[in-house]
Amino acid sequence: MTNQAIASTHSPTELRGLAATLQHIRHVLGENWVTAGAFALFVLIVLCALIGPFLVPYSPLASDTAAALKPPSAAHWFGTDQLGRDIFSRVVVATRLDLIIAVTSVAGVFVIGGLAGTAAGFFGGWTDRIISRIADTIMAFPLFVLAMGIVAALGNTVTNIVLATMIVNFPLYARVARTEANVLGKTGFVQAARLTGNSSWRILLTQIVPNLMPIMVVQMSLTMGYAILNAAGLSFIGLGVRPPTPEWGIMVAEGASFIVSGEWWIALFPGLSLMLAVFCFNLLGDGLRDIVDPRLRT
Amino acid sequence: MFRGLIRRLVTIIPSLIGVVVVSFVLTRVLPGDTAAYFAGPAATPQAIEQVRKQLGLDRSLPVQFVDYVTSLSQGDLGNSLTTGQKVSKEIIARLPASAELTLSGLIVAMLIAIPLGVAAAVRQGSLIDHACRVLTTAGVSLPVFFTGLVLVYVFYFRLGWSPAPLGRLDVFFSAPPTITGFYLIDSLIDGDWETFRATLSQLLLPAATLALFSLAPIARMTRASMLAVLSSDFIRTARASGLRGHTVLVTYGLRNALVPVITTLGMVFSFLLGANVLVEKVFAWPGIGSFAVEALIASDYAPVQGFVLTMAVLYISLNLVIDLLYGVIDPRVRVDG
């Protein structure tokens with residue numbers, strides 16, 4: 001199935017196409033139980049983020065020094081940390097913050113990187129040269145290191161973690177969009193749109209951008225896991241999120257000093273959640289790619 | 001070959017300029033008082049003014065940029081507030097520790113990932129292929145600091161096989177005389193087997209952590225490119241001509257399949273240099289990553305900036321080496337220069 005065919009299904013007038021896509025998605029999910037499982041996990045993570053804070057048995061910040069450093073038990077499923085806080089509650093509550101950081105940064109770079117790349121590929125010339133040069137310069141740094149430098153320079157806040165994640169992901173989006181827009185710009189239907197007197201901007205917004213959507217959405221789900229890892233890594237080294245706030249990266253960092261004395265549960269559960277979330281997004285990304293563009297399958 | 005090298009060296013100049021401009025922008029042009037950054041959080045207004053004068057921040061931006069580039073070209077990265085040492089000196093002293101760790105991680109990863117990818121491609125759909133797929137998907141999903149902690153728990157606390165995760169060498173050993181700065185090599189040159197063994201046991205876990213993290217993309221690319229090569233005509237011809245299976249696979253198959261794998265190495269290095277920071281923190285490794293992290297916590301900006309710049313230059317040079325490797329593996333690339 002080509003990109004255009006899928007893109008056209010987004011138009012409400014072609015309900016038949018939409019039905020076909022849904023059927024295709026159901027087919028892929030049915031055939032591929034791994035993707036289906038990842039999808040179920042994804043729903044669970046989103047539920048945790050939405051209603052988790054209302055369901056947890058303890059306050060994520062309430063300390064109880066009498067019950068400090070207790071291994072998992074019926075009362076505390078994931079045990080308690082050095083201040084007697086319930087780790088299960090903290091892990092569940094942390095989902096929201098981790099997901100917000102990942103989603104806002106990825107959504108932001110999706111729009112900015114996607115538009116910049118599209119403009120570069122479609123207009124070419126100086127637009128292309130400037131945007132490609134920016135992307136190349138960012139890529140000249142090891143990405144996590146650049147993110148560290150950005151957060152250090154801009155100030156140690158969660159907003160800046162989001163911003164840094166957006167900047168280091170920019171080339172990944174801009175490059176994909178650029179290549180695709182360049183190819184699309186030479187296709188027959190774009191030539192036809194131009195011949196009928198549409199302006200460049202109109203062609204860009206009505207012909208190019210909608211057809212870029214599928215591949216960009218795949219790119220988004222493939223980099224979502226990396227965005228989560230990047231943010232968690234930054235908070236692990238003490239950037240962004242401040243200590244009492246429940247967040248997976250910082251919770252692993254807090255538990256790290258207890259690993260050598262055998263209190264494994266403090267670091268294990270936030271670490272496992274982080275791993276599962278990233279695993280889930282990577283599997284979903286692969287599955288989504290198979291749905292949208294089976295040719296890219298490796 | 002020589003002209004190709006020169007031509008390739010010229011192409012890294014724009015990247016270097018970009019990196020220097022970005023690191024300048026990161027400190028000077030961003031909102032906030034740069035002098036206050038460099039003076040540290042506890043500085044008095046007078047101290048901040050003094051730093052402003054010292055760094056030439058009271059002059060115009062273009063002049064500042066020229067100053068910045070001039071001091072960079074003299075290898076001056078400023079002074080660390082917490083240690084008072086020159087940043088460049090500290091980074092050079094700590095670089096071998098990081099390099100030893102990163103390179104060991106990469107070598108271990110390649111030793112596992114390339115055979116694994118080849119095996120998965122040769123026996124497509126077999127158990128080993130599935131194992132390869134699980135490993136590659138899990139490998140990119142694992143937070144590297146978390147894997148490190150799990151390894152520490154299992155191999156240090158539970159099994160007691162490895163030493164405490166505290167640096168490059170146990171306190172009972174003294175570092176071998178510095179020749180390359182790599183303890184493994186230095187202790188071998190010194191003929192000191194005890195130190196070599198101690199270094200190796202200290203290095204094993206952090207290197208394995210990095211390897212687990214970086215073997216996924218390598219194995220995945222090896223498998224994909226090996227599959228593509230094995231289905232091509234010249235492999236069929238080689239088989240039909242009665243060459244031994246091993247010759248077909250290694251000499252004809254692997255050598256051709258390696259070019260895209262080398263390309264992925266560039267990306268792997270980007271991840272590896274970042275992951276290095278996290279692993280150094282977990283294992284209290286005295287490299288440049290933990291140096292930067294300590295400085296970050298203390299809001300000591302000069303070391304962080306020096307670290308980012310060093311990493312970027314290292315990364316650019318590694319990419320250069322990778323490009324030169326193409327020529328070694330695939331002579332056709334050499335002709336194109």
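Chain naming here is simple, since letters A, B, ... match the order of the sequence lines and numbering starts at 1 in each.
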| query | Relative to chain B, which segment of A:Leu272 carries a heavy atom at a distance below 4.5 Å: side chain, backbone, both, or neither? | reply | both
| task | Enter the distance from A:Ser235:OG to B:Phe145:CZ here, rounded to the nearest 0.5 Å. | result | 6.5 Å
| task | Could you tell me the separation between the CE atom of A:Met139 and the OG atom of B:Ser15, rounded to the nearest 0.5 Å? | result | 11.5 Å
| Quick one: of A:Asn230, A:Thr137, A:Ile237, who has the most non-hydrogen atom pairs under 4.5 Å with chain B? | A:Ile237
| salt bridge (Lys or Arg N to Asp or Glu O under 4.0 Å) contacts touching residues 92-106 of chain A (sequence neighbours left out) | none
| said: Using 0.5 Å steps for rounding, measure from the CG atom of B:Leu273 to the CG atom of A:Leu146. | reply: 12.5 Å
| task | Heavy-atom distances under 4.5 Å only: say whether B:Val304 touches chain A with side chain, backbone, both or neither. | result | side chain
| OG of B:Ser141 to CG of A:Leu276: how many Å apart, nearest 0.5 Å? | 9.5 Å
| Under 4.5 Å from a heavy atom of chain A, the part of B:Tyr153 involved | both
| task | Provide the full list of salt bridge (Lys or Arg N to Asp or Glu O under 4.0 Å) pairs with a residue in residues 132-160 of chain A, sequence neighbours left out, each pair given once. | result | A:Asp136-A:Arg175
| request: Measure the CE-CE distance between A:Met148 and B:Met311 for me, rounded to the nearest 0.5 Å. | output: 8.0 Å
| Contact origin within A:Leu283 toward chain B - heavy atom pairs under 4.5 Å | side chain
| Proximity breakdown for A:Tyr226 and chain B, heavy-atom pairs closer than 4.5 Å | side chain
| field | Structural part of B:Leu149 lying under 4.5 Å from a heavy atom of chain A | value | both
